[in-house]
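Remember, it's 1-based here, ligands and their atoms both numbered in the order they're listed.
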Amino acid sequence: MDITSPVRAYTEWDPLEEVIVGIVDDASFPQWHSALEPVLPHGQLETFRRHGGQPFPPEILRAADRELTEFVRILEGEGVTVRRPEAIPQRRPYSTGAWASTGMYAAMPRDSLLVVGDDIIECPMAWRSRYYENLAYRPLLKEYFHRGARWSAGPKPELSDELYDLSWTEADRGEPARLIVTEFEPTFDAADFLRCGRDIIAQKSNVTNEFGIEWLRRHLGGEYRVRVLEFNDAHPMHIDATLSLLAPGKLLVNPERVVNVPKMFRKWDILPAPAPALPDSHPLYMTSKWINMNIIMLDEKRVIVEARDDPMISALKGWGFDPIPCGFRNFNSLGGSFHCATVDVRRAGTLESYLD
Ligand code: ABU
């Protein structure tokens, strides 16, 4: 392990030193594709069919951009170095020969880049609209590599029709979730993984298959245990509105999705997230309201929370944390919150075990 590497993170809570924060430049509805259907809120399917390949509403993007500026100001004020991706055109068509698409955004680095130890991994993402998303981060990746980081990438996926269950329908009540991705090739999004020292907590989802998890397991090698959990979530895509690792021994859980707390956390305090405060009228194009759980720890105490989420702020204070409010509701409309909008580049700390 190169301790001088500019990339180094073992947990979700060690003191945050450097972070990439996403941008909303050119952010656009992804072109319609069957892979979207299982994860979009029901009321949004028609919006995506109609507006695929067009920009998100400009007033939302302007307001989200202002929120990001404030988020960056807060992070820097707390002593964190903030880096930003490069704006790349998102509506320029591209094709592999087998299919064509346009892009989406570089707003959610947590989805496309996974940091484990000193390795920064470009994820083989399952959505065609995200095929080239990592180009926005390439200047940073090259710089981190030159300064001593390890830089890896999952096998570039083909994203041909064989990857998708084109006959996908909702699971019947009580059945496990049906996933749209097949095992044709490895795919995963970084946001389906959480770092807990030597344990990497993972879930299978509509973008992360077993093949992708196995690729990551072998890539990481014997120092880490990749442990796959299943939740009560009929439309899984990303684990970070289901579990949040707040500190050693403190786990925030989505009370609807985590019906039985996994045994590995039996010695931890289990903190059920308060019900989301977002009103029904607030547009959420690509996420559930449980995005209220998508917070980022600056260390074992300081945590950035949506400014109007009073129930979450009170709950965190009551559990001994120091919440720092930041308005982020417009950014939430694009499908994420503070955890999604960031990727931890470096956190102080060493590789330890926290779970049985
Ligand atoms: N990464 C966002 C997850 C949103 C959700 O599970 O509702």
Side-chain angles (χ1 to χ4, degrees), residues 12 19-22 24 27 30 35-45 48 56 64 67-68 71 104-115 123 125-127 129-130 133 170 177-181 187-195 201-208 212 229-245 251-259 272-278 280 282-297 304-306 309 312 328-344:
E12 304 288 324
V19 73
I20 301 173
V21 173
V24 293
L36 302 178
E37 188 165 350
V39 294
L40 294 181
H42 279 301
Q44 295 296 346
L45 289 176
F48 278 71
F56 281 106
E67 291 171 345
L68 281 170
F71 180 38
M104 187 161 73
Y105 51 37
M108 313 288 174
R110 185 75 60 180
D111 298 352
S112 54
L113 294 172
L114 179 62
V115 169
C123 298
M125 302 176 88
W127 283 12
S129 52
R130 308 193 83 172
E133 193 164 303
E170 288 285 348
R178 287 193 194 139
L179 304 178
I180 191 112
V181 284
T187 63
F188 59 90
D189 276 16
D192 275 319
F193 299 87
L194 294 170
R195 285 179 310 257
I201 314 296
Q203 72 166 4
K204 272 176 68 178
S205 80
N206 283 289
V207 289
T208 296
L229 299 179
E230 211 176 307
F231 304 100
N232 179 37
D233 183 357
H235 308 105
M237 176 172 167
H238 302 163
I239 198 169
D240 54 357
T242 299
L243 296 182
S244 297
L245 304 172
L251 177 69
L252 183 69
V253 299
N254 179 320
E256 285 182 359
R257 295 182 188 167
V258 183
V259 178
L278 271 171
D280 286 339
H282 189 77
L284 288 178
Y285 293 113
M286 302 170 72
T287 176
S288 74
K289 285 193 190 181
W290 287 107
I291 205 64
N292 68 332
M293 288 189 52
N294 197 260
I295 52 189
I296 184 166
M297 302 307 298
I304 303 199
V305 188
E306 211 292 321
D309 194 348
M312 184 65 86
F328 225 47
R329 279 193 177 178
N330 294 284
F331 188 89
N332 291 166
S333 295
L334 304 175
S337 200
F338 306 107
H339 198 255
C340 297
T342 51
V343 65
D344 315 347

Exercise. Taking atom types as modelled, is there a side-chain donor on D189 or T208 under 3.5 Å from an acceptor on the other?
Worked result: no
For this session: Decide side chain to side chain contact (heavy atoms under 4.5 Å, CB included) for I296 and F71; before the verdict, give the C-alpha distance in whole Å, the side-chain angles of both, and the deciding distance to 0.1 Å.
Result: CA-CA 11 Å; I296 184 166; F71 180 38; 4.3 Å; yes
Problem set entry | D344: side-chain hydrogen bond (donor to acceptor under 3.5 Å, both in side chains) partners, not counting sequence neighbours | R110, R195, R347
For this session: Could you list the residues that satisfy side-chain contact (heavy atoms from CB on, under 4.5 Å) with A35, not counting sequence neighbours?
Result: H33, W127, Y164
For this session: Let me see the working for M286 and C340 under side chain to side chain contact (heavy atoms under 4.5 Å, CB included), right down to the final yes or no.
Result: CA-CA 12 Å; M286 302 170 72; C340 297; over 6 Å; no
Tabulated below should be the N or O atoms of ligand 1 paired with protein N or O atoms at under 3.5 Å; can you produce that?
from: ligand 1; atom 1: 1 (N); to: H238; atom 2: ND1; distance (Å): 3.2
from: ligand 1; atom 1: 1 (N); to: D240; atom 2: OD1; distance (Å): 2.9
from: ligand 1; atom 1: 6 (O); to: R257; atom 2: NH1; distance (Å): 3.0
from: ligand 1; atom 1: 6 (O); to: R257; atom 2: NH2; distance (Å): 3.3
from: ligand 1; atom 1: 7 (O); to: R257; atom 2: NH2; distance (Å): 3.1
from: ligand 1; atom 1: 7 (O); to: S288; atom 2: N; distance (Å): 3.4
from: ligand 1; atom 1: 7 (O); to: S288; atom 2: OG; distance (Å): 2.6

Seminar exercise, completed: Residue set satisfying side-chain contact (heavy atoms from CB on, under 4.5 Å) with A107, at least two apart, ordered chain then number -> V24, Y105, F331
